[in-house]
Amino acid sequence: MYTAHPDRYADMPYRRTGRSGLKLPALSLGLWHNFGPDRPVETQRAILRRAFDLGVTHFDLANNYGPPPGSAESALGEALKADFAPYRDELVISTKAGYLMWPGPYGEWGSRKYVLSSLDQSLDRMGLDHVDIFYSHRPDPETPLEETMGALHTAVQQGKALYVGVSNYSPEQTREAARILAELGTPLLIHQPRYSMLDRRPETSGLLDTLDELQVGSIAYSPLEQGLLTGRYLDGIPEDSRAASDSPFLNSDALTEELVGKLRELNEIARSRGQSLAQMALAWVLREGRVTSALVGASSPRQLEDSVSAIGNLAFGADELARIDKIVAR
């Protein structure tokens, strides 16, 4: 029987999410990959246990995570039953609805029918009566935003979600979503954008400025840019890497000589800070406190431990930031 480490809250910093009462760990665990039936159950459970022992209290999912879709939620459900039942109120569990889950016209996007049906299915897979955060995973170009936000509001009213968020929304869509939710009486808690040293769109689009103005939290996904910022590609493409498999999220064509050169220069800065490239990349996302939490994946407890070590040095000098900006902008 798993017993959580007594000092699990000793080192992890927790940041307030916008103007809410909810605090999130600086690093959260994303169950996007590594939690499907192709991965050993004991490895999955070991990652979750180690995360919680290190103060990672937030487990982030979506209905389509796996693969196959739904399997990550099912895996978490089994882990919750086996290991975390006594600790449920210490955990923040989030899920999302937006991408394809079943055939036909009601199996994706943002209609009220899909969003609320998806949440019911997610709760069933995880064996929960509610999630802590429920997201609209992507904006629906054909469904009125009032309908999608109304469905999120209903989830809160029904007691099936404590807070709501959006992901992959533009600054303008985020502002309108926040307005609609405020009128309904359910505040927008958080936005989940893609953000990394190599992907600055939340900065250049004005999204971070919008979230600051609205006092809405943020949690960055892909802060390691699909593994590019892990240091795995400094000397070529490993045979067992994501790029070698020509994943739709990262393929070998992306690994240009110019990009590898940038990664090596960034790695030199990381070494001068006493960090791995991955640790510096996570620290960079969290550097100014504008981002509430950064999502990390893990294929092993050791990989998770390496990521969590990033919290030991989140400060950057102005010269370091300028060098990073110069390298990335070339």
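These figures come from a predicted structure and were not determined experimentally.
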side-chain hydrogen bond (donor to acceptor under 3.5 Å, both in side chains) assessment of Y2 paired with D53: CA-CA 11 Å; Y2 165 70; D53 284 346; 2.8 Å; yes
Residue pair S309, Q275: steps toward the side-chain contact (heavy atoms from CB on, under 4.5 Å) verdict: CA-CA 9 Å; S309 294; Q275 292 181 313; over 6 Å; no
Worked verdict on Q121 versus D124 for side-chain contact (heavy atoms from CB on, under 4.5 Å): CA-CA 5 Å; Q121 292 181 23; D124 185 62; 5.6 Å; no
Test side-chain hydrogen bond (donor to acceptor under 3.5 Å, both in side chains) applied to T292 and T17, step by step: CA-CA 6 Å; T292 312; T17 311; 5.0 Å; no
R323/E265 under salt bridge (Lys or Arg N to Asp or Glu O under 4.0 Å): CA gap, chis, key distance, verdict: CA-CA 9 Å; R323 288 172 63 197; E265 289 185 63; over 6 Å; no
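A heavy-atom distance below 4.5 Å is not found between the side chains of L22 and R16. Put simply, the side chain of D140 does not reach to within 4.5 Å of the side chain of E108, judged on heavy atoms. The shortest distance between side-chain heavy atoms of I311 and P13 falls below 4.5 Å. Between D199 and E225 the shortest side-chain heavy-atom distance falls below 4.5 Å. Side chains of V291 and W284 form no contact here, defined as non-hydrogen atoms less than 4.5 Å apart. Between Q158 and H130 there is no side-chain heavy-atom pair separated by less than 4.5 Å. Proximity of R179 to L188: side-chain heavy atoms (C-beta onward) are nowhere separated by under 4.5 Å. No side-chain heavy atom of L24 sits less than 4.5 Å from a side-chain heavy atom of T57.
Counting only N and O atoms by type, the side chains of Y221 and N168 include a donor and acceptor under 3.5 Å apart. Side-chain atoms of R112 and T154 include a donor-acceptor pair closer than 3.5 Å. Using modelled atom types, one finds a donor on one side chain and an acceptor on the other under 3.5 Å when comparing D60 with S94. Side-chain contact, T143 with E147: no donor N or O sits under 3.5 Å from an acceptor N or O. Side-chain contact check for S170 and Q173: at least one donor-acceptor pair (N or O, by modelled atom type) lies under 3.5 Å. Using modelled atom types and a 3.5 Å distance limit, the side chains of N63 and S118 yield a donor-acceptor pair. T95 and E73 share a side-chain donor-acceptor pair at under 3.5 Å. In this structure, a donor-acceptor pair under 3.5 Å is present between the side chains of E203 and Y195.
Heavy-atom neighbours of R200 CZ from other residues, nucleotides or ligands within 6.0 Å: above the threshold of 12. For K262, the NZ atom counts as densely surrounded, since its 6.0 Å shell holds more than 12 non-hydrogen atoms of other residues, nucleotides or ligands. For CZ of R88, the number of neighbouring non-hydrogen atoms (other residues, nucleotides, ligands) closer than 6.0 Å is greater than 12. Within a 6.0 Å radius of CD in E142, no more than 12 heavy atoms belonging to other residues, nucleotides or ligands are found.
Atom CZ in R302 sits 13.0 Å away from atom CG in L304 (nearest 0.5 Å). With rounding to the nearest 0.5 Å, the separation of CD in Q192 from OG in S167 is 4.5 Å. One distance of note links CG of L314 with CE of M280; it measures 13.0 Å at 0.5 Å rounding. Rounding to the nearest 0.5 Å places CG of L263 at 6.5 Å from CG of L198.
Residues I133 and L123 fall into different hydrophobic clusters, defined by Ile, Leu, Val, Met, Phe, Trp and Tyr side chains chained together at heavy-atom separations under 4.5 Å. Residues V41 and L31 do not share a hydrophobic cluster, defined by chaining ILVMFWY side chains whose heavy atoms lie under 4.5 Å apart. Both M126 and L29 sit in one connected hydrophobic cluster of ILVMFWY residues. Membership requires side-chain heavy atoms under 4.5 Å apart, directly or through other members. Two different hydrophobic clusters hold L295 and L91 under the rule that ILVMFWY side chains link at heavy-atom gaps under 4.5 Å. No chain of hydrophobic side-chain contacts below 4.5 Å, direct or via other Ile, Leu, Val, Met, Phe, Trp or Tyr residues, connects V156 to Y135.
Ring orientation note: the planes of F84 and F59 are nearly perpendicular, at an angle over 60° on the 30°/60° scale. Using a 30° and 60° split on the angle between ring planes, F52 and Y9 fall in the perpendicular class, above 60°.
Because its NZ or CZ atom is both nearer than 6.0 Å to the ring centre of Y99 and within 45° of the ring axis, R138 counts as a cation-pi partner of that residue. A cation-pi arrangement is present between K113 and Y106 under the rule of less than 6.0 angstrom and at most 45 degrees off the ring axis.
Side-chain atoms of S117 never come within 3.5 Å of backbone atoms of Y114 as a donor-acceptor pair (strictly under, hydrogens ignored). In this structure, R273 contributes its side chain and A270 its backbone to no donor-acceptor pair below 3.5 Å. With hydrogens and angles disregarded, a donor-acceptor distance shorter than 3.5 Å links the side chain of S272 to the backbone of I269. Under a 3.5 Å cut-off, the side chain of T186 and the backbone N or O of A182 do not form any donor-acceptor pair. Distance alone, capped at 3.5 Å, places no donor-acceptor pair between the H153 side chain and the G185 backbone. At least one donor-acceptor pair under 3.5 Å links the side chain of E320 to the backbone N or O of G317. Side-chain N or O atoms of Q279 include one that pairs as donor or acceptor with a backbone N or O of D306 at under 3.5 Å.
Across L116 and A151, no two heavy atoms sit closer than the pair CD2-O, 3.4 Å. Contact detail for G217 and L211: the closest heavy-atom pair is O-CD1, 4.1 Å. Pairing each heavy atom of A79 with each of R45, the nearest pair is CB-CG, 4.3 Å. Between V285 and P223, the shortest heavy-atom distance links the atoms CG2-CB, 3.9 Å. The two atoms that bring P193 and I219 nearest to each other are CD-O, 3.2 Å, heavy atoms only. The heavy-atom pair separating P171 from T210 by the smallest distance is CB-OG1, 3.6 Å.
For the side chain to side chain contact (heavy atoms under 4.5 Å, CB included) with V131, the lone residue among L162, L119, V92 that qualifies is L119.
By the 4.0 Å N-to-carboxylate-O rule, D212 lies close enough to R290 to be salt-bridged with it. E78 and R125 are not joined by a salt bridge, as no carboxylate oxygen comes within less than 4.0 angstrom of a charged side-chain nitrogen. A salt bridge does not link R330 with E258: every distance from a Lys NZ or Arg NE/NH1/NH2 to an Asp or Glu carboxylate oxygen is 4.0 Å or more. A salt bridge links E268 with R271: at least one charged nitrogen is closer than 4.0 Å to a carboxylate oxygen.
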